[in-house]
Amino acid sequence: MGDEWRWDVAWAAARKIAAVVPVTIAATVLGFVVAAAAGLAWTIARRSRSALVRGAVEAAMEFVRRTPLLVQLLFLYVAFPRLSVFAIGVIGLGLHYGAYLSEVYRAGIEAVDRGQWEAARALNFSRQKTWTRIILPQAIPPIVPMMGNYLIVLFKETPLLFAINVTEMMAVAKQFGSETFRYLEAFTVVGVFFFLMSYPASLVVRWLEARFGRAG
Amino acid sequence: MEAGILLLPGLLRGLRVTLEVFVLGAMLALGLSFAVGLLRLSRFPIVRTLAAAYVEFFRGTSLLIQLFWLYYALPFFGVELSALAAGVLGLGLNYGAYGSEVVRSAIRSVPKGQWEAAIALNLSPLVRFRRVILPQAWPLMLPPFGNLLIELLKGTSLVSMITLGDMTFQAMSLRTTYARYEVPLFLLLLVLYFLIATATSAIVRRLERRARVGRSA
């Protein structure tokens, strides 16, 4: 049968998968940028003065966090047929992890001393200036390690984009497997790729945590 | 409305599989969480290292890759798992790794004096754990376990990609039959997951209240 591990096959799979590493990285980085922005938008909206807005935002965030990313991606895929699958992947990752990052931001914002708000008001800062000049510059640095953690989590979720036909590492591995019937090498190699990228990143985050302490 | 009546029975056919994978996966994950969490506190460095390697490995790779590996690559070693077995095993191993961290940190946060007192009272290791340590660590474990349960429920949707007929799988096949209802179809599917997740978190919250009875803090 020749079922044993074959290095030549593994090497061929690795070369094909390596070629789409940039797609995975691009989806991760762009997805995280969208998540960071969406998270901030969620956070500001849930501090609105209107109770109705607050309630609606909380409910929407809860809905996003309690439903599978895979199904959210499929929903966006059928709902917006005109967008490219890559754009849908980035938006899906961004909205999903934005809801998680919003919790992180909230922890950071609540850790800023009340006196800072009062001082900003006393000095007649506008609402916008209070956020951009006083609160966020103090709220964001302590939460950097936690954001790093979510960056890694988001990276590990990118294989789901394969379900909406994005040609990323998982899709290439699956295709290689079905063409050659060598799923063993294909899926082992793709796993090794993910581990080699995410494990060093997680060590960096742990170092940041040790260096700057945990927030929230 | 019409779409809902048309689509709901098909989706509910997958509900049983989703719940089955969810419950079995959660049981396996809970068992592994305790087993591995305790092994990581072992006196023997080799045991601690092996347990840590398991945790790093499963946290370092993606659930989807683990499921594909168990289902498509394992047969090369002569082990053919059914889709259900591969799904439950993958979910259990993955979330067990995360859960073991919860168990480890909850047990470590029980004050040292409690261990010493239990030893001084000559309680056997089993009684020490069951009657002294666990009752104090359990309330700390419940909230993070609740979050992990929701993550596990969401993770069950990935079993659709290893041919298991869960709700997501049913939606994918309904999509080809009722192409013009595909948007309400996936919206309905999202709502179903939301309802299960909300019920799950209500149950966990009840357990949290029960664990707090007769305890301060």
Side-chain angles (χ1 to χ4, degrees), chain A residues 1-6 59 62-81 96 100 103 152-153 155-163 169-170 173-174 177-178 181-203, chain B residues 18 56-78 94 98 147 149-161 166-169 171-172 175 179-201:
Chain A
M1 275 293 282
D3 274 1
E4 71 286 351
W5 174 266
R6 281 176 48 193
E62 197 77 321
F63 189 81
V64 169
R65 276 191 313 215
R66 284 183 178 176
T67 49
L69 174 61
L70 174 63
V71 182
Q72 291 168 9
L73 288 169
L74 293 168
F75 172 75
L76 292 173
Y77 179 72
V78 296
F80 301 101
H96 191 82
Y100 283 88
E103 288 295 311
I152 298 170
V153 173
F155 167 69
K156 286 186 297 181
E157 296 282 279
T158 56
L160 295 188
L161 301 192
F162 147 64
M169 301 191 332
M170 195 69 204
K174 179 89 196 287
S178 54
F181 299 106
R182 298 300 305 189
Y183 286 111
L184 172 61
E185 288 84 357
F187 291 142
T188 304
V189 167
V190 79
V192 169
F193 266 84
F194 268 93
F195 189 77
L196 287 182
M197 288 191 261
S198 76
Y199 187 62
S202 72
L203 293 181
Chain B
T18 292
E56 296 297 352
F57 177 78
F58 279 94
R59 294 201 314 175
T61 52
S62 304
L63 176 60
L64 185 65
I65 300 176
Q66 290 156 16
L67 289 174
F68 271 55
W69 204 90
L70 288 170
Y71 190 63
Y72 292 106
L74 210 51
F76 284 84
F77 296 106
N94 187 286
Y98 287 94
N147 289 340
L149 262 185
I150 304 285
E151 294 300 320
L152 196 150
L153 168 67
K154 297 194 298 181
T156 62
S157 66
L158 304 198
V159 301
S160 64
M161 299 179 79
D166 76 327
M167 293 197 302
T168 305
F169 185 90
M172 298 290 269
R175 190 187 151 215
R180 68 203 165 102
Y181 291 131
E182 50 185 15
V183 175
L185 169 65
F186 283 104
L187 202 58
L188 191 60
L189 182 60
L190 285 171
V191 170
L192 287 172
Y193 277 107
F194 178 74
L195 292 177
I196 302 173
T198 302
T200 304
S201 102

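Quick note on labels: first sequence line is chain A, next is B, and so on, each numbered from 1.
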Against chain B, label A:Tyr199 side chain, backbone, both or neither, depending on which of its atoms sit under 4.5 Å from a heavy atom there.
side chain
Is B:Met172 in contact with chain A via its backbone, its side chain, both, or neither, using a 4.5 Å heavy-atom distance?
side chain
Please rank B:Ile196, B:Leu187, B:Thr200, B:Ile150 by heavy-atom pairs under 4.5 Å with chain A and give me the top one.
B:Leu187
Under the side-chain contact (heavy atoms from CB on, under 4.5 Å) rule, what do A:Arg65 and A:Glu103 come out as? Steps first, then yes or no, please.
CA-CA 11 Å; A:Arg65 276 191 313 215; A:Glu103 288 295 311; 2.9 Å; yes
Interatomic spacing from CG in B:Leu190 to CZ in A:Arg66 - rounded to 0.5 Å
14.5 Å
How close do B:Thr168 and B:Ser157 get, heavy atom to heavy atom, and via which atoms?
OG1-CB, 3.4 Å
Look at B:Leu185, B:Leu158, B:Leu74 and state which one has the largest set of heavy-atom pairs under 4.5 Å with chain A.
B:Leu158
What part of A:Phe80 is in contact with chain B, defined as an atom under 4.5 angstrom from a non-hydrogen atom: side chain, backbone, both or neither?
neither
Please step through side-chain contact (heavy atoms from CB on, under 4.5 Å) for the pair B:Leu149 and B:Leu153, ending with a clear verdict.
CA-CA 6 Å; B:Leu149 262 185; B:Leu153 168 67; over 6 Å; no
Contact leader toward chain B among A:Ser198, A:Pro159, A:Ala173, where contacts are heavy-atom pairs under 4.5 Å
A:Pro159
Chain B contact via A:Ile152 - side chain, backbone, both or neither, heavy atoms under 4.5 Å:
neither
The interface call for A:Thr188 against chain B, heavy-atom contacts under 4.5 Å, is both
Honestly, the part of A:Phe193 sitting under 4.5 Å from a heavy atom of chain B is neither
From B:Gln66 atom CD to A:Lys156 atom NZ, the distance as rounded to the nearest 0.5 Å:
8.5 Å
First locate atom CZ of A:Phe187, then atom CZ of A:Arg182, and finally report the distance between them rounded to the nearest 0.5 Å.
13.0 Å
Measure the spacing between CZ of A:Phe181 and CZ of B:Phe76 and express it to the nearest 0.5 Å.
9.5 Å
At a 4.5 Å cut-off on heavy atoms, which part of B:Arg59 comes close to chain A: side chain, backbone, both, or neither?
both
Engaged part of B:Glu151 at the chain A interface, taking heavy atoms whose separation is under 4.5 Å
side chain
State yes or no: are the ring centers of B:Phe58 and B:Tyr98 separated by less than 6.0 Å?
no
Heavy-atom cut-off 4.5 Å, strictly under: side chain, backbone, both or neither for B:Thr156 against chain A?
neither
Can you say whether A:Ala163 sits under 4.5 Å from chain B via the side chain, the backbone, both, or neither, judging by heavy atoms?
both
In Å and rounded to the nearest 0.5 Å, what is the CZ to CE distance from A:Phe194 to A:Met169?
3.5 Å
